[in-house]
Amino acid sequence: MCGIVGYVGEKQAADFLVDGLTKLEYRGYDSAGIAVFDGEKIDIEKTVGRLSALKEKIKEHTPQGVIGIGHTRWATHGRPSDVNAHPHTDCSGKFAIVHNGIIENFMSLKEELIEKGHKFVSETDTEVVAHLIEDVYEGDFVKAVNAVLDRIEGSYSLVFMCQDYPDTLICTKKDNPLVIGLGEGENFIASDIPAIIAYTRRTYIMNDGEIAVVKKDSIWVTDRKGNPITKKVFEVNWNAEAAEKGGYEHFMLKEIFEQPKAVRDTISPRLKKDNTAVVLDELKWTKEYVEAFNKVYIIACGTAYHAGLVGKYYIEKLARIPVEIDIASEFRYRDPIIDEHTLTIVISQSGETSDTLAALKESKRLGAKTLAVTNVVGSSIAREADQVMYTWAGPEIAVASTKAYTTQLVTMFMLAMYMSGLKGTIAPERAHDLLTQLRHLPDQVGRTLEDVEPIKTFAKNYAYNNDVFYIGRSLDYYVALEGALKLKEISYIHAEAYAAGELKHGTLALIESGVPVIALATQKSVYEKTLSNIKEVKARDAVIIGIAAADDTELEKYVDHVIKVPTTDELLIPLLTVVPLQLLAYYAAITRGCDVDKPRNLAKSVTVE
Ligand code: F6R
């Protein structure tokens, strides 16, 4: 997730570009830059660091001109650095572009363009777009943009500028947001409304496949075939703060709703088109490399640890390698048994959690091969680990982790599938079936978000209970742990998760009339046993909310309410069952008037031991 802006008008473009980017910093903040046409050439200033670093830099030299583009970056391909910052240019400097998204086929395009003599300076996927437009350009700017779109795959919103067209910006999008702000004698382009709200409330919301040619007095929108499109003006009536949250009341809710896209972005570049295999270009492991591991350690904290539990299940089930899992703050102090045949996987959204970082260093010191699963390119953990798999969730702002968790789950699933493919521990038909279901998962996550009203009602009804219990077996238990943590941290309700079979060894004593119990029952191998445990709590008059797959017709007979999620393979269903639990926590916290995005005593990044 990055933020992009564009301006064409009569004022100094840099003023809007920097101001607009400041409003978009929540979309990314590891580097920033602007490009302005100064009448002769495209003048670019960019730097690693937050917007403040760019502001400082352009104090010495502010690009002058009335047309320009800008970018605030959240690194995906290539670490945060000056050269990797956008805007990017072609060899001649005739074109400048800013991009939000991922160009999935950039490697093959880059090879092709290098062969033709193009000189690349950055490690980004985006730079191929600049060289590609240079390559196909024959004097017609619109035609060249179209030719670029014919070749690139992936998700993008893009703004192009070209020295030969000093009055024109061209923008387009696929699977990433883009708006055009309509001004008087000036027009604005941005990823999101907050960037332009101080300048105009009249906007065009761009749709996938539309191309807009934006000048100071006109905006011409067409489809990919050149057919004109008449856009409806969307009048923004939110205030600036609400606009930053995309119209949602809180970042947490926005991030819950971003999960279909976050999960899709994390999966699709790594899944072969025919769903037969996972391709991890970032690892490039061999059968021998994977077979040399006799043990895997997974180390993480909090929500990331809960994702690790699911990851352990995946790796053991699919790749048949024993996995130990530990909380990072415990790992270091228990003299772990590690050698060069150990693979240590650390999971961390921020990539900065000090306990996880220390555990990673300790693991390395003891001789393990290390792999980081993280959301932040260039973070301390990403830099320290031998190898990295990124979750492409975009910046997570709410303290309570949601989209990072679901992207961690799919990343661990793909890693396990990859290892099992190399080791030959999975039949090709089973792999194809699972990967086909994986392909459908982002849409299914979207479907779990379609009707939140029943969840809102449950949350309101139980928001003032002192205790809530979560139960499940197998993968359901791990999701229960995450559901309970979400409720605790943002609503301050005491919540505990138990392996459903364990209740009778003590905790059942706490179940009394009216206590809410959230019971997950999606795992077929333990389904009957879970039902027995549900009956045990029902017999103590608990109020039970069951979570089941859509094709389950049994659970509703034993519980007071049931929330259904789309049916998928039971290995993948944690990605769906966690969503109502996130929403339950969110609406319970709202009912209790809690500060959802910044819960008391907690910080987003825990950089102290
Ligand atoms: C809970 C939550 C925390 C983090 C934990 C690890 O919602 O966000 O439990 O998961 O502090 O943080 P990262 O993943 O950044 O290492």
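Order of listing sets the numbers, starting from 1, for every ligand and every atom in it. Quick caveat: nothing in here was measured; it's all calculated off a predicted structure.
The option from A328, C301, A400 that lies nearest to atom 5 (C) of ligand 1, judged by heavy atoms, is C301.
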(request) For salt bridge (Lys or Arg N to Asp or Glu O under 4.0 Å), just list the numbers for R264 and D175, CA-CA rounded to whole Å, side-chain angles, deciding distance to a tenth of an Å, and then say yes or no. (result) CA-CA 10 Å; R264 182 173 292 111; D175 296 334; 5.9 Å; no
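The closest donor-acceptor contact from the side chain of Q523 to the backbone of E570 lies under 3.5 Å.
In summary, the atoms of ligand 1 found under 4.0 Å from a heavy atom of V399, numbered by their order in the structure, are 7 (O), 8 (O). Less than 4.0 angstrom separates some heavy atom of Q349 from each of these atoms of ligand 1: 13 (P), 14 (O), 15 (O), 16 (O). Of all the atoms in ligand 1, the ones that sit under 4.0 Å from a non-hydrogen atom of A304 are 10 (O), 14 (O).
Judged by the 6.0 Å and 45° rule, R592 forms no cation-pi pair with Y492.
For ligand 1, the polar-atom distance check against S350 finds a nitrogen or oxygen pair separated by under 3.5 Å. Considering backbone and side-chain N/O atoms, Q408 never comes within less than 3.5 Å of an N/O atom of ligand 1.
The shell of residues lying under 4.0 angstrom from ligand 1, judged by heavy atoms, excludes I381. The closest approach between K486 and ligand 1 falls below 4.0 Å for a heavy atom of the residue.
Of all the heavy atoms of E489, the ones lying under 4.0 Å from any atom of ligand 1 belong exclusively to the side chain.
Residues passing the side chain to side chain contact (heavy atoms under 4.5 Å, CB included) test with D552 are Y527, A548, E554, L555, sequence neighbours excluded. For F106, the side chain to side chain contact (heavy atoms under 4.5 Å, CB included) test picks out H77, I103, D125, V128, with sequence neighbours left out.
Each of V310, V373, I347 was evaluated against I298; a single residue qualifies, I347, per the side-chain contact (heavy atoms from CB on, under 4.5 Å) test.
Y297 has its side chain within reach of P336: a pair of non-hydrogen atoms, C-beta onward, lies under 4.5 Å apart.
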